[in-house]
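Below is one structure, written out as structure tokens; comments come after it.
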Protein chains: 2
Amino acid sequence: MEFFQEQAVTSSDKAFFRLRKEIVEGVIPSGSKLSETELSTKYQVSRAVVREAINRLEACNIVERRANVGARVVSLSPEGLIELYQVRESLEGMAARLAAQHMSAQEITDLNALLNSQSHEVKSAELYYQEAGDLDFHYRIILGSKNSHLISMLVNGLYHLVRMYRVQLGMAGPRVTSAFDEHKHIVQAISNRDPELAEMLMRRHITYSKNNIEAKLQNSL
Amino acid sequence: MEFFQEQAVTSSDKAFFRLRKEIVEGVIPSGSKLSETELSTKYQVSRAVVREAINRLEACNIVERRANVGARVVSLSPEGLIELYQVRESLEGMAARLAAQHMSAQEITDLNALLNSQSHEVKSAELYYQEAGDLDFHYRIILGSKNSHLISMLVNGLYHLVRMYRVQLGMAGPRVTSAFDEHKHIVQAISNRDPELAEMLMRRHITYSKNNIEAKLQNSL
DNA sequence: AACAGGAAGATTGTCGACAATTTAAGTTAT
DNA sequence: ATAACTTAAATTGTCGACAATCTTCCTGTT
């Protein structure tokens, strides 16, 4: 899966990645408490590294911590989802606009190639696309913006939360092909160096995505 | 000064606030290295709390850390400033739009009152306005958006960086009164519950602000 | 029976010491 | 003299133990 490898050098990194993965995938349920001692025995590391990992997760808005009390995994709610997608719409719209201005010709070529390769998968009904392919697409555009703050906020901050909502609500939906068409239009706008259109299409794309996941949320709650 | 009191409960909190303050105000110069041992003796606390404070500063994008090497205060650059104001324009524009929708009547009344009180200060040429008053204004609108992600990103993330640029470039400029007029128009749009106009005015306001600080940066570099 | 106060247990916060890694200096060989 | 290797110093990463705080349960009083 992972296209952009965050490589773990320190022990805290490993704990952070593992903990994040387990939370996003629901192995550790949302809303549950994170005990430092418990996790340190489970992961076979000292409490200090678990503590550091939890602190990082707090910075990602994946856990909430209260001083002298402890940390809890955030709980998913319709309001939280809406807030999340509101900022995502704004930030990714901006990313698409900047990408149309700043992506190199090579990067745009690669992006088109990615879409072509995914085209086959979509036709052959591989729903692998939904998860990884969609993330890959959005990820490249975010990087294409060349804005480090934007990249940091989206990649380190919001995206794991987005994935958390998706995974835990079981997103294998009928939106695969239509989302793919939207991706195509966005790439076309970027290829034409049309920032305004790219932003608008991206915002719309994310709004659709929000509506889709929102409907799922209604059912599963 | 501080309108929104972040109260320090733990020892790490205090270290974090103090360190952030010293960095933002340039007491610790940008680009310099942060030695954990050095700071722990200087602050009279253990290395663990300094370490935790530095980790939090990293999450704010105020320091950059490399594993097994150490942390450095970020260095200010024209590119960094532009990137910062790009996202600020997008996020605060969004905040203004949401504020026009979600602020309570009471909050809007308070906002108008704030502007009236500042009107006197501006006329009496108190340049106190520039720093605290401007921050207070923007801060209220951000909170008025009622979007927790947005609030977190701006308040915990970007704003201290913005202040860092301002303080270290010595922002006592001729923009005081014109900025005040822009604030007035924005509040008017919010009072009229006009989200689109509020967003547009806020984006323009921040663009002006960027141009202003950008000119300063040209001179002082 | 309900509520306030206080001990006991558990959890987080802080500390100093040790281990691992990087950086710098010093030495040797080409 | 330069380059590569080795070694030593300094810095960061990790650990286990102790201190402070919160939570829970128990006791006693109204």
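None of these values were measured; they are calculated from a predicted model. Throughout, a chain's letter reflects where its sequence line sits, starting with A, and its residues are numbered from 1. The figures that follow rest on heavy atoms only: side chains count, while hydrogens, waters and symmetry mates do not.
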query = Atom CZ of B:Arg66 and atom C1' of D:dG13: how far apart are they, to the nearest Å?
reply = 16 Å
ask   = With nearest nucleotides of DNA chain D determined for A:Val69 and A:Ser46 from heavy-atom distances, which residue corresponds to the more 5′ nucleotide?
value = A:Ser46
key: Position toward the 5' end of DNA chain D (nearest nucleotide), A:Asn68 or A:Val49   = A:Val49
ask   = For the pair made of CD in A:Glu38 and C1' in C:dT12, what is the distance, rounded to whole Å?
value = 14 Å
task = Choose from C:dG13, C:dT14, D:dG13 the nucleotide whose nearest atom is closest to any side-chain atom of B:Ser11.
result = C:dT14
query = Atom CG of B:Leu39 to atom C1' of D:dT11: distance rounded to whole Å?
reply = 13 Å
query = Hey, does B:Leu34 reach any base, or is it just sugar-phosphate, or nothing, if we go heavy atoms under 4.0 Å?
reply = sugar-phosphate
key: Integer-rounded Å distance: C:dG13 C1' and B:Phe16 CZ   = 17 Å
ask   = With a cut-off of 6.0 Å (strictly less than), are more than 12 heavy atoms of other residues, nucleotides or ligands near CD of B:Glu64?
value = no
message = Less than 6.0 angstrom from the centroid, inside 45 degrees of the normal: does B:Arg163 satisfy that with respect to the ring of B:Tyr159?
response = no
note = From the candidates D:dT14, D:dC15, C:dT12, the one with an atom nearest any side-chain atom of B:Arg47 is D:dT14
query = Nearest heavy-atom pair of B:Tyr165 and B:Gly80: which atoms, and what distance?
reply = OH-C, 3.4 Å
task = Counting heavy atoms from C-beta on, name the nucleotide in D:dT11, C:dT14, D:dG13 closest to the side chain of B:Lys33.
result = D:dT11
remark   = When rounded to whole Å, the CZ to P distance for the pair B:Arg51 and C:dC15 reads 15 Å
Integer-rounded Å distance: D:dG13 P and A:Asp13 CG = 9 Å
message = Can you tell me if A:Ser12 touches the phosphate of D:dT14, counting only side-chain N or O atoms and a distance under 4.0 Å to OP1 or OP2?
response = yes
remark   = Winner on side-chain proximity to A:Thr37, out of C:dG13, C:dT12, D:dT12, is C:dT12
task = For B:Lys14 and D:dA20, give me the distance from atom NZ to atom C1', rounded to whole Å.
result = 12 Å
ask   = Using the ring of each side chain (for Trp, its six-membered ring), is B:His183 parallel, tilted or perpendicular to B:Phe137, with breaks at 30° and 60°?
value = parallel
Spacing of A:Glu36 atom CD relative to D:dG16 atom C1', expressed in whole Å = 14 Å
query = Is the shortest side-chain N/O distance from B:Thr10 to OP1 or OP2 of C:dT14 below 4.0 Å?
reply = yes
key: A:Lys21 atom NZ, over 12 foreign heavy atoms within 6.0 Å   = no
